[in-house]
Number of protein chains: 2
Amino acid sequence: MTKKAAATWRMTDALAAKLVSFEGKVRTRRFAEGEQLYRQDEINTCFYFIKSGLVQVSIFRRDGTEVVLENMGPNALCGEGSAFDGLPRFSTAVAVEPTEALEFDTTRIESLLRADPELALAMLRLTSLKQRILALRLEHLVSNDPEDRILELLRRLSQMFAIDHERGRKIITHLTHEQIASMTGTSRVTVTRTMGRLREKGMLFIEDGFTILANDEDSEEN
Amino acid sequence: MTKKAAATWRMTDALAAKLVSFEGKVRTRRFAEGEQLYRQDEINTCFYFIKSGLVQVSIFRRDGTEVVLENMGPNALCGEGSAFDGLPRFSTAVAVEPTEALEFDTTRIESLLRADPELALAMLRLTSLKQRILALRLEHLVSNDPEDRILELLRRLSQMFAIDHERGRKIITHLTHEQIASMTGTSRVTVTRTMGRLREKGMLFIEDGFTILANDEDSEEN
DNA sequence: TGAGCGCTGTATCGCCGGATACGACCGGGT
DNA sequence: ACCCGGTCGTATCCGGCGATACAGCGCTCA
C-alpha cells in the first residue's frame with residue numbers, strides 16, 4: 001500500500017495529441033482519491049487516457065505482496081491491455097490523486113478506428129512503447145543484482161522525468177525507498193544499502209531530497 | 001546460446017486468421033537456420049508473422065548473458081514493438097529452424113489499416129496479449145523465489161502447449177533445464193533442484209522426458 | 001561396440017539479500 | 001513543547017542461490 005507518489009510514466013506529447021483530440025467524443029470521468037479505475041480479475045472493455053491526476057497500476061500477487069507496475073500521470077494510457085484481449089484484468093488501477101480521464105470502450109472503438117485510421121496507428125505506437133518498457137524491466141529483473149534492478153528504474157525516470165543538472169540528471173519524481181523496493185522486487189533495506197553504495201561510487205547524488213543520477217560517461221546505455 | 005527448442009508462444013487461430021489473410025499482399029520471406037530476422041539496437045520498421053519454423057527472441061544483456069524472451073512458433077508475431085515506435089530494437093530474433101514468415105512494414109501499413117480496420121483491431125488484440133504475458137512474467141520475476149519463477153513458465157506452457165493427461169497436463173514443449181534457467185533468470189542447478197522439489201511435492205511428474213504439471217486443485221503452493 | 005557429448009542429478013562452499021530490530025531525523029498536528 | 005507517524009540509516013543473523021565440480025545416463029556417430 002504505497003502512498004502518494006509522482007508519476008513514473010508518460011508519453012511524448014505528439015503521441016498524446018491524437019488521444020486528446022477525442023475529448024468530447026468519449027466519456028470524461030473523474031475519479032476521487034482512492035477510487036479504482038478497474039480491478040484485477042474483473043473483465044471489462046474500457047481503457048483510460050489520463051488527463052490529470054495520478055493513477056497507480058499494480059499487481060497483487062497471490063502471496064499478498066503488491067508489485068507496482070507504474071504510476072501513470074497525465075498523458076498516460078492505462079488499461080488498454082485487458083480491454084482489448086477480453087481476458088480478466090491482470091492489474092488494478094487506483095487513483096492516488098483526484099484524476100480526470102477519458103474513457104474509451106473497445107466495443108465502440110471499432111467505429112472510431114474506421115473513421116480515423118490515425119487512431120489505430122497512435123494506439124499501436126503507444127502499446128509498442130509499453131511493450132518496450134516491460135521488456136526492459138524484464139531484462140533487468142532476471143538479474144538478481146539489486147544494483148542492476150534499481151539502476152534500470154532510475155535510468156528510466158531520468159529519461160522521462162529529469163532535468164539537466166551540473167552533475168547529471170535531476171530526477172523530479174520522488175519515490176521513497178519503500179516504493180522503489182516494490183517496483184524492483186527488492187527489500188526496503190536493500191534499496192537503502194544499494195543506493196548508499198551507488199553514492200559512494202559517485203554514480204548518484206542526493207540534493208534537497210531529489211536524486212541526481214550521474215550521466216554514465218562510461219557507457220552507452222539506451 | 002541455447003539450442004533448438006520448441007515454441008513457447010503462440011496465438012489463437014482466430015486471431016491469426018486476420019494476419020494470414022495478408023499472404024500474397026505482403027512479402028514472404030524465408031530464413032535459414034541461424035539467420036537473424038532482426039538484431040538488437042538496429043532500427044527498422046519491419047515485423048513478422050511466422051508461418052512455419054521457430055524463432056528465438058532474446059535480449060543480450062550488457063554483461064553478456066542472454067535472456068530468452070520467447071520461442072516464437074507458427075502463428076506468432078514478432079518484432080512489432082520496435083517496428084512501431086521507431087526506436088532501436090530491444091531484442092534479437094534468430095531463426096532456430098528454417099522459417100517462413102510474412103514481412104509487414106509499418107511505413108506501408110497505414111494504407112493497409114485504412115483499407116481494413118479489422119487489421120488494426122487484430123493487431124491491438126495481439127499486442128495486448130503480449131503485454132499481458134510480459135506483465136505476468138514480470139509479476140513472477142520480482143519474486144526471488146525460483147519455484148515461483150519456474151512455475152509461472154510451466155503454467156504458461158501448460159496453458160498453451162499441453163494436452164490433458166490423467167495426472168495433469170502434459171507439456172509438449174520440451175525445454176532443457178538450461179533453457180528454463182535462461183528464461184527464468186536462475187541457474188541451471190537451481191532449476192534442477194527446484195523441479196526436484198516440485199516432483200517430491202507431487203506438483204510435477206516426468207514421463208518419457210515430458211513434463212506433466214499437476215492441476216492445481218491442491219491450490220496451496222510454495 | 002565404444003568414444004564423446006549433452007543433459008540431469010548432487011555435493012560443497014562462499015556470498016549476499018531478506019527478515020528483523022532499533023535508532024536518528026523530519027515534519028505535522030494537538 | 002511534546003508526541004507520533006513516516007522515512008532513512010545500520011547492525012545482526014540466517015537461509016538459500018550461484019559457482020564450481022563431478023558422477024551417472026542416454027544419445028549419436030564413427
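Letters go in sequence order (proteins before strands), and every chain restarts at 1.
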Based on the rotation axes of five pairs at each end, what angle does the helix from C:dT1-D:dA30 to C:dT30-D:dA1 bend through, to 10°? 30°
Any pair counted as ring-ring contact (aromatic ring centres under 6.0 Å, His included), so long as it reaches residues 151-172 of chain B, sequence neighbours left out: none
Not counting sequence neighbours, list each pair that qualifies as a ring-ring contact (aromatic ring centres under 6.0 Å, His included) and has a residue in residues 178-206 of chain A. none
When you measure from every atom of DNA chain C, which of residues 184-192 of chain B have a heavy atom less than 4.0 Å away? B:Arg188, B:Val189, B:Thr192
Going by the rule side chain to side chain donor-acceptor pair (under 3.5 Å), which residues pair with B:Ser91 if we only count those two or more places apart in sequence or in a different chain? none
Just jot down the side chain to side chain donor-acceptor pair (under 3.5 Å) partners of A:Asp41, sequence neighbours excluded, or say none. none
[X] [atom1] to [N] [atom2], straight-line distance once rounded to whole Å:
{"X": "B:Arg199", "N": "C:dT10", "atom1": "CZ", "atom2": "C1'", "answer": "13 Å"}
{"X": "A:Leu175", "N": "D:dC8", "atom1": "CG", "atom2": "C1'", "answer": "15 Å"}
{"X": "B:Arg197", "N": "C:dT8", "atom1": "CZ", "atom2": "C1'", "answer": "16 Å"}
{"X": "B:Glu147", "N": "D:dG15", "atom1": "CD", "atom2": "P", "answer": "18 Å"}
{"X": "B:Ile206", "N": "C:dG9", "atom1": "CD1", "atom2": "C1'", "answer": "12 Å"}
{"X": "A:Leu198", "N": "D:dC8", "atom1": "CG", "atom2": "C1'", "answer": "16 Å"}
{"X": "B:Gln179", "N": "C:dC7", "atom1": "CD", "atom2": "P", "answer": "8 Å"}
{"X": "A:Glu178", "N": "C:dT20", "atom1": "CD", "atom2": "P", "answer": "13 Å"}

Considering residues at least two apart in sequence or located in another chain, which fulfil the salt bridge (charged side-chain N to carboxylate O under 4.0 Å, His left out) criterion with B:Lys170? none
Taken in chain and number order and not counting sequence neighbours, the residues that satisfy side-chain contact (heavy atoms from CB on, under 4.5 Å) with A:Ser128 are B:Phe84, B:Asp85
Filter on salt bridge (charged side-chain N to carboxylate O under 4.0 Å, His left out), then keep only pairs touching residues 46-57 of chain A, sequence neighbours left out; what's left? A:Glu23-A:Lys51, A:Lys51-A:Glu100
Using heavy atoms to find the nearest nucleotide of DNA chain D for A:Asn144 and A:Arg193 separately, return the residue whose nucleotide is more 5′. A:Arg193
Could you tell me whether B:Glu147 and B:Lys201 have a side-chain N and a carboxylate O separated by less than 4.0 Å? yes
For the rings on A:Tyr48 and A:Phe31, is their centre-to-centre separation under 6.0 Å? yes
